[in-house]
Amino acid sequence: MKKKLKDFFEHQFEEALIDEIIDAGEVKFYREGEYLLNINENVNFFPFLLNGVFKVLREDKNGNEVVMYFLERGDTCACVFINSLNAQKTCIRAVAETDSEVILIHVNKFDDWMVKYPSFRNYVLESYNLRLKEMMEAIDTLAFKKMDERLLKYLRDKVQVLRTTSLNTTHQDIAYDMNTSRVVISRLLKQLENEGKIKLKRNNIDILSI
DNA sequence: ACATTAAGTGATT
DNA sequence: AATCACTTAATGT
């Protein structure tokens, strides 16, 4: 396990920091569908994603949800930094999209590492940068794009993070993720199939070229 | 064989 | 683009 973690962090952090991470971190497995973070939860840790995929979404008071972006191997959840530092509650939910492995680190290490390790500072800032970018993309998509373009982005993102062109999902699940109705998704998917871009089966979508 | 769940479709707003 | 109402298809028991 230690070896595995060392290999994982090798090119990212200093030797000393890696040792501290291994020492202070708790490795945890999440089954598909389990929550890494939920809305209105207090968090006192921050996560490193060792492998797997999480989807990060927002939800309104009626339970309508919208997926904002996906987290992959090597990512962390930037939202948590703010939340965990001022002991605020989370404003997002992170759901395991596949079985995943995460290393959790208590926030009391955060200040210390920010000062001690340039690579850590760098990592945190880059994470923010990346998330901010994805956030803006999400806003653009929601505000300016029509449903057909939103669906294409969703499918492309999924193919990218899951590293497969065969998506095991239902039209209803996609509709939930995009906060629209199943009928709309079914029709748009049918259209894509007619254009020869995807192949539809029950509980599965093959992405041919999108 | 029957029930349940997923997907397809016309019509209406 | 959403909703309704209904049909058809696939899958589980």
Side-chain angles (χ1 to χ4, degrees), chain A residues 28-41 47 49-73 75 77-79 89-102 129-210:
Chain A
K28 213 173 156 189
F29 294 89
Y30 291 84
R31 291 287 212 54
E32 182 180 337
E34 285 187 323
Y35 294 175
L36 170 64
L37 301 160
N38 202 355
I39 294 157
N40 283 327
E41 225 177 35
L49 193 41
L50 297 175
N51 59 59
V53 176
F54 284 85
K55 68 179 172 194
V56 175
L57 55 89
R58 273 180 75 69
E59 189 185 64
D60 76 359
K61 56 184 186 305
N62 300 320
N64 301 311
E65 51 178 70
V66 180
V67 172
M68 296 196 299
Y69 49 78
F70 294 94
L71 297 178
E72 323 173 55
R73 177 186 164 84
D75 285 345
C77 186
C79 296
K89 290 171 191 274
T90 41
C91 50
I92 49 114
R93 174 182 300 147
V95 189
E97 186 71 18
T98 65
D99 291 353
S100 301
E101 200 178 348
V102 178
N129 205 351
L130 193 67
R131 288 310 136 215
L132 199 58
K133 225 173 97 188
E134 299 223 50
M135 207 83 112
M136 289 196 217
E137 247 182 70
I139 290 176
D140 286 348
T141 307
L142 285 168
F144 306 130
K145 293 192 175 173
K146 285 193 277 184
M147 202 54 88
D148 55 344
E149 287 179 276
R150 284 182 59 196
L151 179 60
L152 278 173
K153 173 168 164 49
Y154 179 89
L155 294 175
R156 286 191 195 111
D157 285 352
K158 268 209 140 167
V159 164
Q160 198 211 322
V161 297
L162 295 175
R163 292 177 175 78
T164 172
T165 53
S166 179
L167 306 176
N168 292 311
T169 177
T170 64
H171 301 184
Q172 182 65 72
D173 285 342
I174 298 175
Y176 284 141
D177 281 356
M178 296 178 50
N179 189 28
T180 179
S181 67
R182 195 272 309 166
V183 184
V184 170
I185 295 300
S186 287
R187 289 199 163 114
L188 291 172
L189 285 171
K190 190 91 241 156
Q191 200 182 315
L192 289 174
E193 185 176 45
N194 290 336
E195 291 167 13
K197 293 176 177 166
I198 61 175
K199 180 90 192 100
L200 297 173
K201 283 174 254 164
R202 188 187 168 95
N203 288 313
N204 178 272
I205 303 171
D206 271 334
I207 310 296
L208 306 174
S209 63
I210 58 170

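Chain letters run A, B, ... following the sequence lines, proteins first, then strands; residues in each count from 1.
- A close approach under 4.0 Å does occur between a side-chain nitrogen or oxygen of A:Thr180 and OP1 or OP2 of C:dA2.
- Going from atom CG of A:Asn203 over to atom P of C:dA9 covers 17 Å, rounded to whole Å.
- Straight-line distance from the CD atom of A:Glu193 to the C1' atom of B:dA6: 14 Å, rounded to whole Å.
- Whole-Å rounding puts the A:Arg182 CZ to C:dT7 P distance at 15 Å.
- The A:Arg202 side chain lies nearest to B:dT5 when the options are B:dT5, C:dT3, C:dA2.
- By the 6.0 Å contact criterion, OH on A:Tyr30 is enclosed, its count of non-hydrogen atoms from other residues, nucleotides or ligands being greater than 12.
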Steps toward side chain to side chain donor-acceptor pair (under 3.5 Å) verdict (A:Asn203, A:Thr169):
CA-CA 5 Å; A:Asn203 288 313; A:Thr169 177; over 6 Å; no
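- Distances from the side chain of A:Arg187 to the nucleotides B:dG10, B:dG8, C:dA1 place B:dG10 closest.
- Using a 4.5 Å cut-off on side-chain heavy atoms (C-beta onward), A:Leu152 and A:Leu192 make contact.
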I'd like to know whether A:Ile39 forms a side-chain contact (heavy atoms from CB on, under 4.5 Å) with A:Glu59, so could you lay out the CA-CA distance, the side-chain angles of the two residues, the decisive distance to 0.1 Å, and finally the verdict.
CA-CA 8 Å; A:Ile39 294 157; A:Glu59 189 185 64; 3.6 Å; yes
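- Following rounding to the nearest Å, A:Leu200 (CG) and B:dT9 (P) show an atom-to-atom distance of 11 Å.
- Using a 4.0 Å heavy-atom criterion, one finds that A:Thr170 contacts the sugar-phosphate atoms exclusively.
- At whole-Å resolution of the value, CG in A:Leu189 and C1' in B:dG8 are 12 Å apart.
- At distances below 3.5 Å, at least one donor-acceptor pair connects side-chain atoms of A:Asp99 with backbone N or O atoms of A:Glu32.
- Remark: P of C:dT3 and CD1 of A:Ile185 are 13 Å apart, rounded to the nearest angstrom.
- When distances are taken from the side chain of A:Val184 to each of B:dT9, B:dA7, C:dA2, the shortest belongs to C:dA2.
- Residue A:His171 has no polar side-chain atom (N or O) positioned under 4.0 Å from OP1 or OP2 of B:dT5.
- In this entry the distance linking CD of A:Gln191 with C1' of B:dG8 reads 14 Å, nearest Å.
- Distance A:Asn168 CG to B:dA6 P: 14 Å, rounded to the nearest Å.
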